[in-house]
Every structure is written in C-alpha cells, then in structure tokens.
Amino acid sequence: MTTSTQPTVLVLNGPNLNLLGTRNPQVYGSATLDDVAALCRDEAAAHGWAVDLRQTNHEGALVDWLHEAGATRGCPGVVLNAGAYTHTSVALHDAIEAIDVPVVEVHISNVHRRETFRHHSYVSPVAAGIVVGFGVAGYALAVRGLATR
Ligand code: DQA
C-alpha cells in the first residue's frame, strides 16, 4: 500500500475528482486533490497515521483498492468519495460489505440538496459513517471519525 510503517488510511476518490479545483467550483470549491491530501495528512498525523490518497475514473480500480485495504493488516480505515459511482455501483456496495475495514463515505457537496438521482447511495448502507456537505473539510472530518471508533 505504501512504504510507510505507520498505519495508513486510504483516501479513495472516484470519477472526475481529479478535476477538483476547476470542476464546478460553485459546487465543489477551488481546493484541489493535493489540498485534500494535505488536509487528510494533517488530521491523520494527529492520530499517528499516514495517508495514501488515490483517484481513479474506473469503478473496478475502486473495488480493487477496497480489497487491498481489507487485506492490509492494521489499516485504520478507508475514506471514500466514490463520486457518481456512489449512486450506481452495486459492486462498490458489495466490496465494502466484503471487507472488515471501516469505510467512511464522503461527499463534498450536500447531495441531498441536489438532483434526486444523487439522493440514493449504494455506499451508505455499508458505510461506517457518512460526511456530506462540508466541502473538502469533510475528508478531514472523516479521518477524525475513523480515529474516534
Ligand atoms: C460528489 C457528489 C456526486 O453526486 C458527484 O457525482 C461527484 C462528487 C461530491 O463529492 O459531492 O462526483 O461525490
């Protein structure tokens, strides 16, 4: 997962989140994924953890990374912003259900104030917790949430 010997939180990002900073800034703000990594690292460091932040536009890669987290001894948890796959992916639901690692679902925007197709999540029923609508600060809140478990 990383060369770090510290317990490492996986922060997984799905489709289009590579465009954070330029994509619909009125919805997602101006912070980039690098800024998100810095926020997560600061919060994780307070708990003695490292962070491995990844992004993909491919559903199966998210499934593979969830399995990897499940197979990594001492992984404190996964922070997952699955983007649009949140609303479509039974495969992500099943992958989260199959692993024995807590997964916190994050959305930068308040999906419940948006289009109705964003109101349903396949991730939520198997998530350890959910952070929605706090902008990119939600990622750090999710790391903190993992630490309180
Ligand atoms: C999102 C919300 C999703 O509905 C959307 O498809 C995204 C980003 C969020 O962080 O607010 O890509 O997960």
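Remember, it's 1-based here, ligands and their atoms both numbered in the order they're listed.
- Here the CZ atom belonging to R23 is positioned 14.5 Å from the OG1 atom belonging to T32, to the nearest 0.5 angstrom.
- Looking only at side-chain heavy atoms (C-beta outward), V78 and L66 come within less than 4.5 Å of each other.
- Considering only heavy atoms from C-beta on, Y122 stays 4.5 Å or farther from T86 through its side chain.
- Residues E105 and V131 have side chains not in contact (no heavy-atom distance under 4.5 Å, counting atoms from C-beta outward).
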Practice prompt. Apply ring-ring contact (aromatic ring centres under 6.0 Å, His included) to the pair H119 and H112, showing each step before the final yes or no.
Written response: CA-CA 5 Å; H119 296 180; H112 299 288; 5.8 Å; yes
Present, as a list of atom pairs with distances to 0.1 Å, all nitrogen or oxygen contacts under 3.5 Å between ligand 1 and the protein.
from, atom 1, to, atom 2, distance (Å)
ligand 1, 4 (O), H87, NE2, 2.7
ligand 1, 4 (O), R118, NH1, 2.9
ligand 1, 6 (O), A84, N, 3.2
ligand 1, 6 (O), R118, NH1, 3.1
ligand 1, 10 (O), N81, ND2, 2.9
ligand 1, 10 (O), I108, N, 2.8
ligand 1, 11 (O), I108, N, 3.2
ligand 1, 11 (O), S109, N, 2.9
ligand 1, 11 (O), S109, OG, 2.6
ligand 1, 12 (O), R23, NH1, 3.1
ligand 1, 12 (O), R23, NH2, 3.0
ligand 1, 13 (O), N81, OD1, 2.8
ligand 1, 13 (O), H107, ND1, 2.8

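- Taking CD of Q6 as the start and CH2 of W49 as the end, the distance is 11.0 Å to the nearest 0.5 Å.
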